[in-house]
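Quick notes on the structure that follows.
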Amino acid sequence: MAGPLKRIALFGATGSIGASALDVIARHPDRYVVDALSAHAQVEALVALCARFRPRVAAITDETRYVALREGLAAAGLETVAVAGAAALDEIAADDRNDTVIAAIVGAAGVASTLAAARAGKRLLLANKESVVLAGELLMAEVAAGGATLVPIDSEHNAIFQCLPQHGDHGGVRRIVLTASGGPFRGWSREQLVGITPEQACAHPNWSMGRKISVDSATLMNKGLEVIEAHHLFDLPAERIDVVVHPQSTIHSLVDYVDGSMLAQLGQPDMRTTLAVGLAWPERVEAGVAPLDLLTIARLDFEAPDLGAFPCLGLAFEALRAGGSTPAVLNAANEVAVSAFLQRRLAFLGIPALIERTMHRLPALPSATLDDRLAADAEARRVATGLLA
Ligand code: NAD
Ligand code: MG
């Protein structure tokens, strides 16, 4: 009844999205089988996942951990083949022994494997939003050329994907509205944000996520990256992408049509729904997510984002409007800033300050190829790291 088995390659298997994806996959052994898993450095966690899901191949992108992975797999009595290095992911993405790639690596490090999956015409479940910010035009061109099916694995974009007409153009769309929880510091003033610690920033009120995206949610850079992501995925200019703060995180986003209709997708704040949509679309499968109880939710609130206390959202709109190399610079400077903040080398309010200084140091350059984008990314990391010191 479920049709042929889908064979899944999961990049970033040891992360938060990786765990949610494997949870959904494990519920449907009649539909999904794991062909490949990757992790960056966590050999033990990767071997444990291999023991459970028995993939054909396991990749560790930190090459210094290759021997540990090979020996760990052998010690566990597994036939899974160990491979290492970022290029190994490109090969897996292009391999026709899998038909579905879940791009769940964090950061620009995921860009090459994401592009490779698009080029190979896979069903691409795309969580790695930084690769869209870095190389959105290139990605959408590869999707079209390769005949890939892209399903966004970001709750907002997945909601819009579900609310847009599945056939025809988007001519009747007036604008899309991305909802934002507002993060743990919603309603706080700039003065209150001065002494924020990584622990406070990572304690998201609604979602449980990896540390980088948790900090991005606290600064509102996550919404900024999502605006740029939406621009590419749905081919809409900045003027037709709005952001509204919605603290309950029940409405995951909305599409506003010219006839006055507004369509929303609602659900629990649980990425398994999004992943189940991506895996089964256009069918629907059980995701292990409790149904929404509207009477328990009782009310839905909306407010405008505070761009004064949270400048990162405005910086992202600025980068989108500047175009060229600037979104790559924004993303790279943010990765440097968040990493420094998590290591307690930069204050919370230093994050937008560092990104802004890096952006203004590096004016927009025309940026057509992946090499151009990667050069802008590298230059922004160099400048941001220098400004930190
Ligand atoms: P995470 O930190 O929990 O996991 C990241 C994964 O990427 C791990 O498996 C890690 O081994 C791997 N990784 C890290 N650095 C790498 C590198 N240099 N090369 C290769 N692999 C590397 O992150 P997460 O929260 O699961 O987020 C993953 C992606 O999904 C991010 O782009 C994030 O913005 C996006 N996303 C996450 C959520 C969520 O709920 N967690 C929601 C929407 C979008
Ligand atoms: Mg999101």
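Counting convention: from 1, in listed order, for ligands and their atoms alike. The first residue of the sequence shown is numbered 1, and numbering continues consecutively from there. Side-chain atoms are counted along with the backbone in the values below, which use heavy atoms only and exclude waters and symmetry mates.
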Inset, instruction - Give the contacting part of Ile213 toward ligand 1: side chain, backbone, both or neither, where contact means a heavy-atom distance below 4.0 Å. - result: side chain

Legend entry - Gly15 N/O to ligand 1 N/O under 3.5 Å: yes

Legend entry - Electrostatic pair Arg381-Asp377, nearest N-O below 4.0 angstrom: yes

Inset, instruction - State, with a plain yes or no, whether a side-chain heavy atom of Lys129 is found less than 4.5 Å away from one of Ile213. - result: yes

Legend entry - Geometric N/O contact Ser155 with ligand 1, under 3.5 angstrom: no

Inset, instruction - Could you check whether the rings of His246 and Phe302 sit parallel, tilted or perpendicular, using 30° and 60° as the cut-offs? - result: parallel

Inset, instruction - Restricting to N/O/S, name the atom of Glu156 that gets closest to the Mg ion (ligand 2). - result: OE1

Legend entry - Identified side chain to side chain contact (heavy atoms under 4.5 Å, CB included) partner of Ile160 from the options Leu178, Leu254, Leu233: Leu178

Legend entry - Side chain His204, main chain Trp207, donor-acceptor under 3.5 Å: yes

Inset, instruction - Using distance alone, decide if ligand 1 has a nitrogen or oxygen within less than 3.5 Å of any nitrogen or oxygen in Ser208. - result: no

Inset, instruction - Pick one of side chain, backbone, both or neither for how Thr61 approaches ligand 1, counting any non-hydrogen atom pair under 4.0 Å. - result: side chain

Legend entry - Residue among Val111, Leu225, Asn128, Leu320 satisfying side chain to side chain contact (heavy atoms under 4.5 Å, CB included) with Val133: Leu225

Legend entry - hydrophobic_cluster_shared for Phe161 and Ile102, side chain cutoff 4.5 Å: no

Inset, instruction - Restricting to N/O/S, name the atom of Glu226 that gets closest to the Mg ion (ligand 2). - result: OE2

Inset, instruction - Any atoms of ligand 1 less than 4.0 Å from a non-hydrogen atom of Ala109? List them with their elements. - result: 17 (C), 18 (N), 19 (N)

Inset, instruction - Indicate yes or no for a side-chain donor-acceptor contact from Lys212 to the backbone of Val338 under 3.5 Å, with no hydrogens or angles considered. - result: no

Inset, instruction - Considering the heavy atoms of Glu130, write down every atom of ligand 1 situated less than 4.0 Å from one of them. - result: 31 (C), 32 (O), 34 (O)

Legend entry - Proximal atoms of ligand 1 relative to Lys129 (non-hydrogen, under 4.0 Å): 32 (O), 34 (O), 44 (C)

Inset, instruction - Answer yes or no: does an N/O atom from Met209 fall short of 3.5 Å to an N/O atom of ligand 1? - result: no

Inset, instruction - State the atoms of ligand 1, each with its element, that fall below the 4.0 Å cut-off from a heavy-atom position in Asp154. - result: 43 (C), 44 (C)

Legend entry - Region of Arg211 that comes within reach of ligand 1 [heavy atoms, distance under 4.0 Å]: neither

Inset, instruction - Decide whether Ser339 and Gln343 meet the rule of one side-chain donor and one side-chain acceptor closer than 3.5 Å. - result: yes

Legend entry - Heteroatom proximity flag, Gln42 to ligand 1, N/O under 3.5 Å: no

Inset, instruction - Over 60° means perpendicular and under 30° means parallel, so classify the ring planes of Phe185 and Trp188, tilted if in between. - result: tilted

Inset, instruction - Find, among atoms of Asp154 that are N, O or S, the one nearest to the Mg ion (ligand 2), and state its name. - result: OD1

Inset, instruction - Taking only heavy atoms of Ala13 into account, list the atoms of ligand 1 that are under 4.0 Å away from them. - result: 9 (O)

Inset, instruction - Mark up the atoms of ligand 1 that fall under 4.0 Å of a heavy atom belonging to Thr14, in ascending order. - result: 8 (C), 9 (O), 10 (C), 11 (O)

Legend entry - ligand 1 contact on Ala127 by region, counting heavy-atom pairs under 4.0 Å: both

Inset, instruction - Using a 4.0 Å heavy-atom threshold (strictly under), name the region of Met271 that reaches ligand 1: side chain, backbone, both or neither. - result: side chain

Legend entry - ligand 1 N/O within reach of Gly107 N/O, cut-off under 3.5 Å: no

